[in-house]
There are 2 protein chains.
Amino acid sequence: MASGKSDWGIKVRVWVERAGVKVLGPGRVELLEHIDRQRSISAAARQMGMSYRRAWELVQAMNEAAGVELVEAKPGGSGGGGAAVTAHGQEAIRLYHSLVASFAKTSQDVALPAEPLAAPPDTT
Amino acid sequence: MASGKSDWGIKVRVWVERAGVKVLGPGRVELLEHIDRQRSISAAARQMGMSYRRAWELVQAMNEAAGVELVEAKPGGSGGGGAAVTAHGQEAIRLYHSLVASFAKTSQDVALPAEPLAAPPDTT
DNA sequence: CTCCGTTATGTCCATTCGGGAATAACGAAG
DNA sequence: CTTCGTTATTCCCGAATGGACATAACGGAG
């Protein structure tokens with residue numbers, strides 16, 4: 001029963017750009033949240049099963065694309081240093097979540113019919 | 001003036017799945033429309049600047065994922081054969097466009113503020 | 001000064017993706 | 001049967017992606 005019930009679904013991916021370059025996406029925001037909790041890029045990366053390299057690149061890309069520091073990182077110091085999500089970063093997280101919520105609501109409203117690809121009756 | 005005005009924007013990508021596998025996306029629907037006009041996969045591919053191979057693979061994937069033939073292709077015959085978008089395919093195009101329209105509307109409604117990342121005032 | 005864990009950066013490599021080209025299959029028209 | 005342009009299929013390769021690893025830089029604590 002490959003199509004026994006109705007396993008059709010709508011998927012939406014939302015992201016925020018500035019000057020045409022990506023600033024926030026689902027993965028980036030998730031990373032922001034992990035950094036916020038861990039106060040460390042490497043710890044966040046580990047927790048997400050992502051390489052530190054990639055996490056760091058994402059942070060760079062985010063900061064540059066946003067034009068403001070969303071994550072403030074510093075090497076050295078007690079514990080080796082660490083990273084923190086700035087006030088702008090916090091705001092970015094809130095903003096993105098509200099966007100996702102809006103589109104999720106739309107997704108509910110436009111729910112697909114049981115048979116999305118039933119050809120409409122001939123109108124002649 | 002890297003951020004002189006307000007070059008922030010929201011981007012949304014919508015796609016339709018069945019049983020967890022992608023059926024329709026922006027590129028696939030565009031391909032459907034080109035095939036519908038050209039009545040040929042290869043012509044559609046040329047027009048889109050895409051290799052015939054990729055176009056053909058997309059058609060296969062679409063047909064299989066949908067569980068119904070969205071494109072009916074036949075080799076041989078006068079003119080070498082050709083391809084046509086079925087009634088189900090036509091319906092798929094309509095469906096996808098309506099989805100995109102809905103999400104575009106939401107995108108308008110949730111338009112970003114001029115300074116998306118202005119930190120909210122301290123509430124203490 | 002030494003130690004430590006994190007940030008910062010470079011190099012190498014497996015995987016994926018899709019283009020390009022080559023080839024066969026096909027079937028109606030002539 | 002031959003011709004013709006399209007569909008169908010395979011093989012090879014370049015680019016991009018991102019993981020794994022190695023190494024330096026950093027700076028507070030002791």
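Throughout, protein chains are lettered first and strands after them, A, B, ... in sequence-line order, and every chain is numbered starting at 1.
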Could you tell me how far apart [X] ([atom1]) and [N] ([atom2]) are, to the nearest whole angstrom?
| X | N | atom1 | atom2 | value |
| --- | --- | --- | --- | --- |
| B:Tyr52 | D:dG5 | OH | P | 16 Å |
| B:Ile35 | D:dT7 | CD1 | P | 8 Å |
| A:Arg46 | D:dA20 | CZ | P | 13 Å |
| A:Gln60 | C:dA8 | CD | P | 6 Å |

Closest approach of A:Arg18 to A:Gly67 (non-hydrogen atoms, all atoms of both residues): NH1-CA, 3.8 Å
Considering all heavy atoms, the nearest B:Ala83-B:Ile35 contact: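 Closest approach of B:Ala83 to B:Ile35: CB-CG2, 4.2 Å.
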Approximate separation, where rounding is to 0.5 Å, of A:Leu70 CG and A:Leu58 CG: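 Between atom CG of A:Leu70 and atom CG of A:Leu58 there are 12.0 Å.
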Atom CD of B:Glu72: over 12 foreign heavy atoms under 6.0 Å: no
Phosphate contact (C:dT7 OP1 or OP2) by A:Trp56 side-chain N/O below 4.0 Å: no
Presence of A:Ser42 side-chain N/O under 4.0 Å of C:dG5 phosphate oxygens OP1/OP2: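 No.
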Under 3.5 Å side-chain donor-acceptor pair for A:Glu33 and A:His97: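 Yes.
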Reading 5' to 3' through nucleotides 18-30 of chain C, protein heavy-atom contacts under 4.0 Å coded B for base, S for sugar-phosphate only, - for none: SBB-----BBSS-
Residue pair A:Glu91, A:Arg94: steps toward the salt bridge (charged side-chain N to carboxylate O under 4.0 Å, His left out) verdict: CA-CA 5 Å; A:Glu91 183 60 13; A:Arg94 276 191 291 272; 2.9 Å; yes
